[in-house]
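Read through the structure below, which is laid out as structure tokens, and then see the notes.
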Protein chains: 2
Amino acid sequence: MPQIGALLRKLIADGQVSDPASPRGKLLAAAAKLFRQNGYAATTVRDLGAEVGILSGSLFHHFKSKEEILFGVMSEVVVAMEAALRAALSEAHEPRAAVRALIATELAFIHGKTSNATAVLLYEWRALNSSRQAQILTGREAYFAMWQQTLKAAQQAGLVAVEPEYLRQLIHGALTWTAVWYKPSGALSLDGLADRCLLMALSERP
Amino acid sequence: MPQIGALLRKLIADGQVSDPASPRGKLLAAAAKLFRQNGYAATTVRDLGAEVGILSGSLFHHFKSKEEILFGVMSEVVVAMEAALRAALSEAHEPRAAVRALIATELAFIHGKTSNATAVLLYEWRALNSSRQAQILTGREAYFAMWQQTLKAAQQAGLVAVEPEYLRQLIHGALTWTAVWYKPSGALSLDGLADRCLLMALSERP
DNA sequence: ACTATTACCAAGCAAGCGCTTGGTTTAAAA
DNA sequence: TTTTAAACCAAGCGCTTGCTTGGTAATAGT
């Protein structure tokens, strides 16, 4: 199980992710919350200002535009997800454990402390102009490559029946959708949820 | 395989779904297209009017508000989906075929002629106020119940390993996400896609 | 032919939108 | 103590938004 908290702190120290104590960090956190809650288009810069306790115009001292705030939320979570998955995979020494690392890492982002930003990344990327969409996509390439490589290894080990390129998208969809229905406070733990996902993804039973 | 086209015609005759030749039907189709393409919030009533060739103010002769147009798009596809699934299940006489009917029907809606309205239903329901959200949810209860019942039967037949209530959500997520990545014009046919989904959903191999 | 209904246009209003500008406060560096 | 830069306020501009109003064609029923 990857310790995302410690990893985030390292990324903050490296300057790859904004310090949540800084004005920029606070603003991004507030934006992630509101964008997730009400959607990007339905969130006004006045809402954003009120959430952090400043006037709307003052936002533009930190960001050039509202869309740049959205882009900031997304690109930081992209960086964090890649680092987290890389760390988790480095501790998985067999195909089955590696597939579980894929699932557990994504679930940790969807339902952990970064859940707001992750949800925004998954559900609001259409709000970016095409140039910034392409940037986000480029930033996610390494992440997708790790999925592809892991699932290919699982296939060669005879663990999965569906072709990796399709299975990747199907699992990804199943995990993404948990943001809509799964409540961590309910009867099913995050680990239990990961178990079910793994059970569905793999054709060979333990 | 359900014949959705014929089924839609029956629903139109019954008055449960708007005739696509009527002004209301044309408007709903145009709205589904634009809401899917650009999102509900980013679509203006002027865009909508231009799409059907009338001025924006004239829209309000047919609908009381923009949100009511969105609600119209959603509630009609809800009705059609339930009817389609009911018809498909009535032809499936064993658990495995029934599960395939669930998958094939949902895929048919996501990627067939009703793809725009279906995508809007799946991705824009947050744009409704809570009262209308509740109405849509009520309208989908029968649909979800058929899923639940079918998966429970599959479980009792030893076909699936994951509990029906979780499996339902996981499959639903995987199918929903195909709207983002799957192209019917590509190498994988809709039937092939359904095969992969079934392969992933079931733990017993044919 | 007359009537009623449906479908639309032309014009615009009030409100809210993202963002700008010029200036003030705060706090750290020199 | 002076300088410099970051953070923010106060006010509002130009534009777009959903929607309204009063009136005119078109269509269909009788």
Side-chain angles (χ1 to χ4, degrees), chain A residues 12 15 18-74 120 124-133, chain B residues 12 15 18-74 120 124-133:
Chain A
I12 293 165
S18 299
D19 186 343
S22 70
R24 184 189 157 94
K26 286 181 191 173
L27 214 150
L28 287 178
K33 177 184 167 187
L34 294 185
F35 289 166
R36 187 210 188 149
Q37 213 168 76
N38 311 114
Y40 170 76
T43 303
T44 72
V45 293
R46 286 165 180 82
D47 295 336
L48 267 169
E51 183 74 20
V52 294
I54 62 177
L55 289 185
S56 65
S58 307
L59 295 174
F60 297 90
H61 173 71
H62 302 281
F63 294 90
K64 288 185 180 173
S65 68
K66 182 188 170 190
E67 192 186 321
E68 205 182 66
I69 300 177
L70 176 64
F71 184 73
V73 170
M74 290 183 170
V120 170
E124 294 285 355
W125 64 274
R126 198 182 42 187
L128 293 177
N129 67 35
S130 55
S131 153
R132 280 196 251 252
Q133 277 186 23
Chain B
I12 293 166
S18 300
D19 187 342
S22 71
R24 184 190 158 93
K26 286 181 190 172
L27 215 151
L28 286 178
K33 176 184 168 188
L34 293 184
F35 289 167
R36 188 213 188 146
Q37 213 168 76
N38 311 114
Y40 171 76
T43 303
T44 71
V45 293
R46 286 164 180 81
D47 294 337
L48 267 170
E51 184 73 21
V52 293
I54 62 176
L55 288 186
S56 66
S58 306
L59 296 173
F60 297 91
H61 173 71
H62 302 281
F63 294 91
K64 287 185 181 173
S65 67
K66 182 189 170 189
E67 192 185 322
E68 205 181 66
I69 300 178
L70 176 63
F71 183 74
V73 170
M74 290 182 170
V120 169
E124 295 285 354
W125 64 276
R126 198 182 42 187
L128 293 178
N129 67 36
S130 55
S131 153
R132 280 196 253 251
Q133 277 184 24

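Just the heavy atoms: all of them, side chains too, but no hydrogens, waters or symmetry mates, feed the values below. Chain identifiers are assigned alphabetically (A, B, ...) following the order of the sequence lines, protein sequences preceding nucleic acid strands; residue numbering begins at 1 within each chain.
Between the CG atom of Leu27(A) and the P atom of dA7(D) there is a distance of 11 Å, given to the nearest Å. Between the CG atom of Leu48(B) and the C1' atom of dT17(D) there is a distance of 13 Å, rounded to whole Å. Atom P of nucleotide dT16(D) and atom CG of Asn38(B) are separated by 17 Å, given to the nearest angstrom. A straight line from NZ of Lys64(A) to P of dT20(C) spans 10 Å, rounded to a whole angstrom. Remark: P of dC19(C) and CD of Glu67(A) are 9 Å apart, rounded to the nearest angstrom. Rounded to an integer number of Å, the gap from Leu34(B) CG to dT17(D) P is 13 Å. In this structure, CZ of Phe60(A) is placed 14 Å from P of dC9(D), rounded to the nearest angstrom. The distance from atom CG of Leu59(A) to atom P of dG18(C) is 10 Å, rounded to the nearest whole Å.
By the 4.5 Å heavy-atom criterion applied to side chains, Phe35(A) and Leu48(A) are counted as neighbours. Residues Phe71(B) and Asn129(B) form no side-chain contact, since every pair of their non-hydrogen atoms from C-beta on lies 4.5 Å or further apart.
Judged by closest nucleotide on DNA chain C, Gly53(B) is the one of Gly53(B) and Ser56(B) placed further toward the 5' end.
Relative to the side chain of Leu55(B), the nucleotides dC8(D), dG18(C), dC9(C) differ in distance, and dC9(C) lies closest. With distances taken from any side-chain atom of Ser58(A) to the nucleotides dC8(D), dC17(C), dT6(C), the minimum falls on dC8(D). You'll find that the side chain of Arg46(B) is closest to dT17(D), out of dT20(D), dG18(C), dT17(D). Considering only side-chain atoms of Pro23(A), the nucleotide from dC8(D), dA7(C), dC19(D) that sits closest is dC8(D). Of the listed nucleotides (dC8(D), dA7(C), dC9(C)), dC9(C) has the atom at the smallest distance from the side chain of Ile54(B). In the set dC19(D), dC19(C), dA6(D), dC19(C) carries the atom at the smallest distance from any side-chain atom of Lys66(A).
At dA7(C), one or more side-chain N or O atoms of His61(B) fall inside 4.0 Å of OP1 or OP2 (strictly under the cut-off). Phosphate contact (OP1/OP2 of dA6(D), side-chain N/O of His62(A), threshold under 4.0 Å): absent.
With hydrogens and angles disregarded, no donor-acceptor distance shorter than 3.5 Å links the side chain of Arg132(A) to the backbone of Glu68(A). Tyr40(B) places no side-chain N or O within 3.5 Å of a backbone atom of Val120(B) that could act as its donor or acceptor partner.
When heavy atoms are screened at a 4.0 angstrom cut-off, Ser65(A) is found touching the sugar-phosphate backbone but no base atom. Using a 4.0 Å heavy-atom distance criterion, Ser22(A) is classed as making no nucleic acid contact.
Sorted by first and then second residue, the pairs that involve residues 50-66 of chain B and meet salt bridge (charged side-chain N to carboxylate O under 4.0 Å, His left out), not counting sequence neighbours, are Lys33(B)-Glu51(B).
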